[in-house]
2 protein chains.
Amino acid sequence: MTLTFKLNERLYLRDPQHTELGRKIILKSIDLIDSLGFEHFTFRKLADEIDSTEASIYRYFENKHRLLHYLTAWYWSWLEFRIDLFTGNIREPKSKLRECLRIVSEEKKVDPTFEFINEEALHRIVISEMEKTYLTKWVEDDNKAALFIGFESLCQKIANMILQVRPGYAFARSLASTLLLTTNQQLFFSAHLPSLTDLSDSPQRHPSLDVFLEQMVFGALNAH
Amino acid sequence: MTLTFKLNERLYLRDPQHTELGRKIILKSIDLIDSLGFEHFTFRKLADEIDSTEASIYRYFENKHRLLHYLTAWYWSWLEFRIDLFTGNIREPKSKLRECLRIVSEEKKVDPTFEFINEEALHRIVISEMEKTYLTKWVEDDNKAALFIGFESLCQKIANMILQVRPGYAFARSLASTLLLTTNQQLFFSAHLPSLTDLSDSPQRHPSLDVFLEQMVFGALNAH
DNA sequence: TCGTATATGATAGCATTACTATCATAAATT
DNA sequence: AATTTATGATAGTAATGCTATCATATACGA
């Protein structure tokens with residue numbers, strides 16, 4: 001059995017999960033963006049890789065920005081899915097939030113539940129490129145089209161967990177968004193700009209991102 | 001008297017602060033990037049605005065990315081300058097860090113100490129575009145050329161303040177970089193993606209960014 | 001089974017971008 | 001007075017981000 005996520009229809013022109021070509025676009029675009037970087041990634045290059053044409057890819061996605069939106073939305077849906085999976089049966093609010101932090105910060109491995117997606121490469125893309133989905137002149141339009149709903153939904157879920165731990169805390173959404181973005185930023189820094197972080201890029205990632213996040217989140221809640 | 005910052009020479013080909021044309025490039029590029037966004041900003045458009053030519057601008061900056069580097073480096077130098085100015089005579093570590101947080105999060109107004117720079121517009125640029133200086137395939141090379149030294153230096157300064165408050169804290173640099181980036185992110189969200197933050201975009205910015213940061217930073221230090 | 005809709009491929013074209021190069025001229029320096 | 005230096009004027013080029021048109025293959029429904 002293969003699961004798929006129902007993503008906002010406005011992310012694409014034709015649903016890539018439904019066709020062979022669509023799945024090839026997703027599969028190969030992850031590889032290409034991961035290796036070239038989003039700036040140097042073009043539909044022309046992607047078309048060559050999958051032995052198709054630029055025009056065909058444009059029938060699936062309005063442009064490469066929408067494709068990036070699609071990929072990041074998929075990532076956040078996947079992360080939310082994992083959080084639900086592992087925290088669903090935890091009742092105690094603090095333990096639940098703690099487990100959530102663990103999942104957010106854990107190293108991402110390929111998940112066989114979902115074919116066509118290399119989650120490890122996709123995480124690298126989200127780390128390096130995600131902010132480019134909203135740091136544009138069209139943010140507000142894109143937001144009206146609900147393109148950020150994957151990220152917003154996850155943020156809201158974490159904000160609710162935070163409020164379970166500390167009802168009345170005034171910055172639940174801010175803390176949730178900070179938490180998600182900080183995670184990826186610190187991982188980026190540890191890989192590329194080590195002087196901006198205390199985390200190392202080694203497999204053990206010591207001192208641990210997990211501990212940093214936990215102290216920050218629970219610290220903020222206790223300071224309140 | 002007009003102050004100028006000595007920025008890393010590799011940020012430019014010819015120092016724009018030394019010539020009339022150079023100063024026009026800086027002055028007008030801030031306006032243009034602020035209004036068009038970095039993606040739609042081009043040297044051609046800038047040349048038209050200042051009645052010069054593309055070729056002339058290329059004699060000052062290798063490309064528009066380097067110009068963005070220059071502007072953000074200027075901004076971080078300016079912020080560090082202000083922090084030094086206002087915290088220089090505070091001895092008590094906690095008060096010092098608290099004042100630092102206030103300066104980082106305060107609304108940025110035009111500073112008459114520096115001609116040619118509209119700090120208010122520049123802050124909007126830093127908020128929306130700064131991450132594009134390092135989210136590229138050339139991060140590591142740019143880092144070797146010390147292009148990030150303005151940000152790194154400020155980070156290190158704040159990390160040291162943090163360590164004065166809590167010696168032995170393991171995440172001083174991570175907390176410092178998180179603090180600076182979170183500030184701008186939350187301001188961006190309050191202006192464009194309000195569901196991701198608790199801050200409002202109103203002039204009073206209530207509840208206050210300042211309080212959020214303080215609880216987060218001191219909370220993290222107390223949790224340790 | 002025939003007719004038609006749909007998906008893809010093939011090819012072309014076009015405005016804009018991000019440069020690079022060359023030459024002329026004006027201003028500053030020696 | 002000679003010459004270096006800064007700027008402007010102009011041209012050109014490969015790549016990018018599309019859009020358009022037409023042919024063909026396949027699927028689907030009557």
Side-chain angles (χ1 to χ4, degrees), chain A residues 9-29 32-33 35-71 116 129 132-133 135-138 141-142, chain B residues 9-29 32-33 35-71 116 129 132-133 135-138 141-142:
Chain A
E9 289 183 9
R10 278 188 264 193
L11 288 165
Y12 48 79
L13 297 172
R14 220 203 286 305
D15 190 337
Q17 289 185 319
H18 282 8
T19 65
E20 188 56 31
L21 178 61
R23 289 185 289 266
K24 267 158 78 182
I25 290 172
I26 299 304
L27 187 76
K28 205 67 197 175
S29 68
L32 263 189
I33 296 175
S35 61
L36 299 177
F38 186 65
E39 277 54 46
H40 298 106
F41 164 82
T42 67
F43 278 1
R44 190 110 61 188
K45 289 172 186 168
L46 176 57
D48 288 349
E49 282 286 323
I50 61 179
D51 290 312
S52 178
T53 62
E54 232 182 327
S56 298
I57 297 171
Y58 273 105
R59 288 175 188 123
Y60 282 84
F61 293 99
E62 254 179 78
N63 51 51
K64 68 174 187 168
H65 276 269
R66 288 295 169 115
L67 172 57
L68 182 61
H69 267 287
Y70 182 91
L71 294 176
F116 321 120
E129 320 290 0
K132 295 170 191 168
T133 59
L135 296 177
T136 71
K137 279 285 150 183
W138 337 299
D141 290 335
D142 287 353
Chain B
E9 288 182 11
R10 277 187 266 192
L11 287 165
Y12 48 78
L13 296 172
R14 219 202 285 309
D15 190 336
Q17 289 185 318
H18 282 6
T19 66
E20 188 57 31
L21 178 60
R23 287 184 291 265
K24 268 158 76 183
I25 290 173
I26 299 303
L27 187 75
K28 205 68 198 175
S29 67
L32 263 189
I33 296 175
S35 61
L36 300 177
F38 186 64
E39 273 60 41
H40 297 107
F41 165 82
T42 68
F43 277 1
R44 185 111 62 190
K45 289 171 187 167
L46 176 58
D48 288 349
E49 283 285 324
I50 62 179
D51 290 312
S52 179
T53 61
E54 232 183 327
S56 299
I57 298 171
Y58 273 105
R59 288 175 188 123
Y60 282 84
F61 293 98
E62 255 178 77
N63 51 51
K64 68 174 186 169
H65 277 269
R66 288 295 169 115
L67 172 55
L68 182 61
H69 268 288
Y70 182 92
L71 295 176
F116 321 118
E129 321 289 359
K132 294 169 191 168
T133 59
L135 296 177
T136 71
K137 279 285 152 184
W138 336 298
D141 290 335
D142 287 353

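Letters go in sequence order (proteins before strands), and every chain restarts at 1.
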At a heavy-atom distance below 4.0 Å, what parts of residues 39-48 of chain A sit against DNA chain D?
A:T42, A:R44, A:K45
A:I57 has an atom CD1; how far is it from atom P of C:dT11, in whole Å?
16 Å
To the nearest angstrom, how far is B:E20 atom CD from D:dT5 atom C1'?
17 Å
In whole angstroms, how far is the P atom of D:dG8 from the CD atom of B:E54?
13 Å
Tell me whether the side-chain N/O atoms of B:S56 come closer than 4.0 Å to OP1 or OP2 in D:dG8.
yes
Within 45 degrees of the ring normal and closer than 6.0 Å to the centroid, is that where the cationic atom of A:K64 sits relative to A:F38?
yes
Among side-chain atoms of B:T19 and B:Y60, is any donor-acceptor pair under 3.5 angstrom?
yes
Within the structure, does a side-chain N or O atom of A:Y60 lie under 4.0 Å from either OP1 or OP2 of C:dT8?
yes
Between atom NE2 in A:H18 and atom C1' in D:dA27, what is the gap in whole Å?
16 Å
Nearest to the B:A55 side chain among D:dG17, D:dA6, D:dA9, which nucleotide is it?
D:dA9
Looking at A:S52, is its backbone amide N or carbonyl O close enough to the side chain of A:S56 to form a donor-acceptor pair, meaning the two atoms are under 3.5 Å apart?
no
Nearest-angstrom distance from the residue atom NZ of B:K64 to P of D:dT16
14 Å
Against the side chain of A:T19, the closest entry in D:dC18, D:dA6, C:dT8 is C:dT8
Interatomic distance where CZ belongs to A:R14 and C1' belongs to C:dA5 [whole Å]:
12 Å
State whether B:R59 places a side-chain N or O below 4.0 Å from either non-bridging phosphate oxygen (OP1 or OP2) of D:dT5.
no
Within this structure, what is the CG-to-C1' distance between A:L13 and C:dT8, rounded to whole angstrom?
15 Å
Measure from the side-chain N and O atoms of B:D48 to the backbone N and O of B:D51, and report whether any donor-acceptor pair falls under 3.5 Å.
no
note: A:D51, atom CG; C:dA7, atom P; distance rounded to Å ~ 21 Å
OP1 or OP2 of D:dA9 sitting under 4.0 Å from any side-chain N/O of B:T53?
no
Using a 3.5 Å distance criterion without hydrogens, assess whether the side chain of A:K28 forms a donor-acceptor pair with backbone atoms of A:A47.
no
Can you tell me if A:R23 uses its side chain to pair, donor with acceptor, with the backbone of A:Q17 under 3.5 Å?
yes
Within the side chain of A:K45, is there an N or O that forms a donor-acceptor pair under 3.5 Å with the backbone of A:L32?
no
